[in-house]
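Letters A, B, ... are given to chains in the order of the sequence lines, protein chains preceding strands, and every chain is numbered from 1. Source: prediction; values computed, not measured.
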Amino acid sequence: MGDARPFGSLIHPFLLHPSVCVLPAANPSLRKHLPMKAPIQMSDLERIRHSAAHVLATAISRIWPDAQFAAGPPVDTGFYYDVELSHRISPDDFAQIEEEMRKETKANYVFERRVVSRQEALLMAQQGRLGALGEREVVSKFKLDILTNIPEGEEISLYVNGEFTDLCAGPHVMRTGNIGAFKLTHVASAYYKGDERNPQLQRIYGTAFKNKTEMEAHFAMLEEAKRRDHRKLGKEMELFTFDEDVGPGLPLWLPNGTVLIEELEKLAKETEFAADYHRVRTPHIARENMYLTSGHLPYYVESMFPPMELAEKNADGTVAEISDRYYLKAMNCPHHHKIFKAVPRSYRDLPLRLAEYGTCYRYEQSGELLGLMRVRSMQMNDAHIYCTTAQFEAEFMAVNEMYLKYFKVFGLTNYLMRFSTHDPARLGEKFVDDPVLWKQTEDMVRGVLVKSGINFVEVPNEAAFYGPKIDVQVWSAIGKEFTIATNQVDFAVPARFGLAYKDRDNTDKTPLCIHRAPLGTHERFIGFLIEHYAGNFPLWLAPEQVRILPIGDEDELVEAAVALRAELRSHGVRAEVDASSAKINGKVLRAEESKVHTMLVLGKRDLEGGNLSVRVHGKGNLGAKPRGEVIADILSSIQERRANAV
RNA sequence: GCCAGUGUAGCUCAGGGGUAGAGCAACUGAUUCGUAAUCAGUAGGUCGCGGGUUCAAUUCCCGCCACUGGCUCCA
């Protein structure tokens, strides 16, 4: 184990640093978007958590002295430490580990910082003394690896708490007793340095706070987040389901969920029609040859479902040869390119905007699937805009404005625009080798963002192979980050497809292409909306918009309820009648539970006065109002897609 | 795909080597109630699937499938 570089290439830049504790101070969620920077200070809470990670390592070392520690940084909701250990740590072990941790915090040791020479640190690693209670027979192998990657001339520091010594740049709290409250939460696994070629380590997660009150508030918040989880609400509200026989990652949309889909499509179609898009429809499959042209084969083949093979058969029924292969489409662009190509194009046709809610299939790895947020079949709010270089900026800008318009409709404010650019060092490898076009398009995109006054982060080396892109990042209820919308420049693939238009000077030119999906895919967007609204959709989106609750079941009342339902439905309102024998309290309860947006209570008193008693989900009884007024309010709220209806 | 955990009625969950139980929902009947649970009755499960150990498996063991938490990856 003397090899200084026992592991694969270094992937995560933060991990290159002497201590993974050193992170840029900012919203932790943004960190992954930032390039590595010099050490920046941690917030007080992060110091507490990072210190708790050391105390966790101390406790584990006491119980399992052969533990090999890798990295132990603070994260958004707490901290973790990666450890290699023959014992498989399970939640059953947490009580024992926490007990050891408590001894350390009670002892109130000082976190003592020691600057050492590179040579001294290397010697200690060889003696197994880093991330350990003392000298061991084994080398502190991960610490040694981290150490050897610290750039020459940089200060090397150790932190000592009690008997435990760790390689770390800090910072920490003054004493172990400053960690007011902590709790281990779960155990997971992670590859060393995030590289699947490296060994898998056990990642022990915990959280820590200044005091117990704050920690309890944190756990209460988590409970609240779980209530918003789209998987839970999706089941309760009968929006979608999965079935083993259909297959993992292949959602079945129930009637209530389909309402959401169709309302979104209506919104998209209206918006795109107004913006001069043309709608197209394309098949879900295509021949192998198209994906060879597009370059998806072989580069994207891992993410595609295996092909359907058509075979010539011998007389005895055995396969003579594969005569054709069809693939399920993983994206719509090639089909759209073919539509562009189907007709001779002139510069007068540009910009040409082709839109389709196209269904794509991607063979995501099984462990990556997550409710609606990560699926294998998805309906994408896709469009491809073919334009000239001169038209590009205006087109890209218009797409961006479309995003913002949508976000306003949904009251979406907590998002991050991520501008992904290329890495000049990887031209011709990861990125199309055309430095001039890269610079030109990236400048244009950056210009659009600056001009729009939108906050964004720029991330190099994240672009698509065919051009720069903007992704819109949002966070799910349980804190996971997702791309909800995307706007990409493509200056490479149109040429591969031989796309051309006749320019003013009678020469053939290749168009630029913008791939855009402001509403992402139905699956992810709706998954996100469910959590965003906690299932309490505005009236225009609500699967059941109105439920009429007659008080009692006398003929007169029931007839009035049925007539009201018919009238509402004639205006396209999704209205139902609760004709059950339950009492009015029970009917109200059930309607509230199923998150019906508007409840219209109809009793004798209302009937006589020509009124309806309005109750809105979550807002309680709003009192009796004239029947005509109530209906008009409902219709205009839907029509205007009001955020807070009635 | 990898590591770990979980899988009992439509839902939420008890139970446990001697072949299962509650609440809610469903169904039937009664009730005629003004804004978060009217009452009674009925029905509902090859305890994820397959194999093994055992006189006996839903319970123990193995394999598979699905889901959950992560890692890797992404709309």
Select base, sugar-phosphate, or nothing to describe what A/Glu302 touches, counting heavy atoms under 4.0 Å on all strands.
nothing
Could you check which nucleotide pairs with B/rA56 in any of the strands shown, counting Watson-Crick or G-U wobble with both distances under 3.5 Å?
none
Donor/acceptor link under 3.5 angstrom from A/Gln200 side chain onto base of B/rC71
no
Both A/Lys469 and A/His186 contact RNA chain B. Taking the nearest nucleotide for each, which residue is further toward the 5' end?
A/His186
Within the 4.0 Å heavy-atom criterion, would you say A/Phe525 contacts the bases, only the backbone, or no part of the nucleic acid?
nothing
With sugar-phosphate meaning primed atoms plus P, OP1 and OP2, does A/Met378 contact a base, only sugar-phosphate, or nothing at under 4.0 Å between heavy atoms?
base
Under 3.5 Å on both distances, the Watson-Crick or G-U partner of B/rA14:
none
Side-chain donor or acceptor of A/Lys587 paired with backbone N/O of A/Pro550 under 3.5 Å
yes
Rounded distance in Å - CG (A/Asp243) to P (B/rG10):
13 Å
Please name the nucleotide paired to B/rG69 by Watson-Crick or G-U wobble geometry with both distances under 3.5 Å, or report none.
B/rC3
Name the nucleic acid region contacted by A/Ala188, choosing base, sugar-phosphate or nothing; use a 4.0 angstrom heavy-atom cut-off, strictly under.
base
Once you apply the 3.5 Å cut-off to both distances, tell me the Watson-Crick or G-U wobble partner of B/rC27, or none.
B/rG41
Starting from P on B/rG69, measure out to CG on A/Leu201 and report it in whole angstrom.
21 Å
Grab the CZ-C1' distance between A/Phe305 and B/rG1 for me, whole Å please.
15 Å
Under 4.0 Å from any atom of RNA chain B, heavy atoms only: list the residues of residues 601-612 of chain A that qualify, in numerical order.
A/Val601, A/Gly603, A/Lys604, A/Arg605, A/Asp606
Once the angle between the rings of A/Tyr357 and A/His522 is folded into 0 to 90°, is it parallel (under 30°), tilted (30 to 60°) or perpendicular (over 60°)?
parallel
Do the charged groups of A/Arg516 and A/Glu272 touch, with an N to O distance under 4.0 Å?
yes
Quick one: A/Asn332 CG to B/rA75 P, roughly how many Å, whole number?
13 Å
Distance, rounded to the nearest Å, where A/Lys583 contributes NZ and B/rA37 contributes P
12 Å
